[in-house]
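When a ligand or atom number is given, it counts from 1 through the structure's own listing order.
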Amino acid sequence: MAEEKTRSPLDLELVALTKRYGDTLAVDAIDHVFPASSYVCLLGPSGCGKSTTLRMIAGHEAVSDGTIVLGGSEISRRPPAERGTAMMFQSYALFPHLSVIDNVSFGLKMRGIAQGPRHAKAKELLDLVDMVELADRRPDQLSGGQQQRVALARAMASEPQVLLLDEPLSALDPFLRLRVRAELKRLHRELGITFIHVTHSQDEAMALSDQIVVMNAGKIEQAGSPRDVFNAPGTAFVARFIGNHNVLQLSDGQYSIRSDRVQVGPVANAKLPATVSAIEYQGTTVAVSVETEDAQELTVLVAEDQFFEVPLNHNEQVGLTWHGEDLHRLGK
Ligand code: ADP
Ligand code: MG
C-alpha cells in the first residue's frame, strides 16, 4: 500500500526462543534462521511445540525467554499488528456477519483507510486467491476451501513480511487439500514473502518447503532442504518421522536406509537374512515388510514390475542387501 514503507528481503531469526507453561517446556531454547522469501514447514508430531513457536512469532503468545528478530529488529515484545507478520488460523476465524470483502478489508478499516481504497485493495487480494466473484457473500455461504482463501486474503491485507500458517490444509478433504497446496505454492511465488507453515504431514512438508524444520519435544531435531532431510536424516526420530526409511541396528551402531534402497533377494550372499511378514500392493511400488532374525522390522519398497518378475510370498526366507553408501549413521 502507498503509505507503507518499502520492504527489503528480511530474514527471521529465533534466538534461544523458549516457552514454558508452568512445568511444561513447550519450546526449549530453539535457534533458527528462516531465510527471507523462503517457504519453511515446521514439521513434527502433535504436541512438539509447532503452534506455540508460530504463536510466539505472531505475538499471540508471550515469549518466556529468548528473542525474535525480523530484518535486524527485535520484535519479541511488539503487539501482533506491529511485527510485520500475519497469521492464518486453522479455524479461519472469519467474522460471520461481514461479507467476504469486508472481512478482507477489516484490518484496513481499523487503520482508518476509507472504503474506496480499502475495497480496491481487498479486491486485489481476492483476485490473488480467485475469490473476486464471491466478494459479497457471507462466510456461511462459502465452502470450507473458499473460507480458507478468504482467510488467506485477509491475512495478506496487512502486507506482512512473514505469513504464518497453522495447519492450513487440515480442515480440507484430501482432493481439495492437494489443490490448495498447489495454490499456496503459487501464492508464495507471486508474493515473494516468507511463509512459515506448521504441519504434521510429511507429504505436505516435502511438497511445499524450501526448508523443513523437524521438531520433537520442544526442540529442533533437524533442519534442511526436503532432499537433504530425506536423504540424510540425522536421528532415528527424523528417519522414522519422515517416512519411507528403515532404522537398522547393526553390530557397529544405528543406521538409517531408504526403503527403496534395500534389495530383497535370495538368502545366499545377502547381508542380512529375514522373513517376509507382509506384502502390500501400492501401485507403482509394492511394500514388502520383513523381520530379521534379531526381530528388527524393515519395509522394502520394490518397483511394481520388478516385484512381479519374481513375486515373494508371506513367510518366505529372503536375504537383504544394500550398497554401503546408502547407509547413514544416526546420531541418538
Ligand atoms: P503442536 O502444535 O506441535 O501440536 P503445541 O505447540 O500446541 O504443539 O503444544 C506444545 C506443548 O505445549 C504441548 O505439551 C501442549 O500441551 C502445551 N501447551 C500448548 N498450549 C498450552 C497452554 N495454553 N497451556 C498449557 N500448555 C500448553
Ligand atoms: Mg498445533
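The nearest protein atom to atom 12 (O) of ligand 1, hydrogens excluded, is given as Ala26 CB, 3.3 Å; this is a heavy-atom distance. Shortest contact from atom 19 (C) of ligand 1 to any protein heavy atom: Tyr21 CE1, 3.5 Å. Closest protein heavy atom to atom 7 (O) of ligand 1: Ser51 CB, 3.8 Å. In terms of protein heavy-atom proximity, atom 13 (C) of ligand 1 is closest to Gly47 O, 3.7 Å.
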message: Pair Ile196, Phe34 - check side-chain contact (heavy atoms from CB on, under 4.5 Å), show working.
response: CA-CA 8 Å; Ile196 305 179; Phe34 298 87; 3.7 Å; yes
message: Evaluate Val198 against Thr53 for side-chain contact (heavy atoms from CB on, under 4.5 Å), listing each step before the verdict.
response: CA-CA 9 Å; Val198 160; Thr53 302; over 6 Å; no
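Each of the atoms 20 (N) of ligand 1 lies under 4.0 Å from some heavy atom of Arg55. Below 4.0 Å from some heavy atom of Thr52 lie the following atoms of ligand 1, by number and element: 5 (P), 6 (O), 9 (O), 10 (C).
Under the 30°/60° scheme for interplanar angles, the aromatic rings of Phe195 and His188 are found to stand perpendicular. The aromatic rings of Phe230 and His245 lie perpendicular to each other, with more than 60° between the two planes, well past the 30° mark.
Rounded to the nearest 0.5 angstrom, Thr285 OG1 and Phe307 CZ are separated by 11.0 Å.
Distances shorter than 4.0 angstrom do not occur between any heavy atom of Gly44 and any atom of ligand 1.
Counting only heavy atoms from C-beta outward, the side chains of Leu152 and Leu187 approach each other to under 4.5 Å. For the pair Met215 and His32, the minimum side-chain heavy-atom distance is 4.5 Å or more.
Less than 4.0 angstrom separates atom 15 (C) of ligand 1 from none of the non-hydrogen atoms of the protein. Checking atom 23 (N) of ligand 1 against the protein gives a heavy-atom contact under 4.0 Å.
For the Mg ion (ligand 2), the set of nearby N, O or S atoms under 2.8 Å includes one belonging to Ser51.
Considering both main-chain and side-chain atoms, Glu61 never comes within under 3.5 Å of ligand 1 through any nitrogen or oxygen pair.
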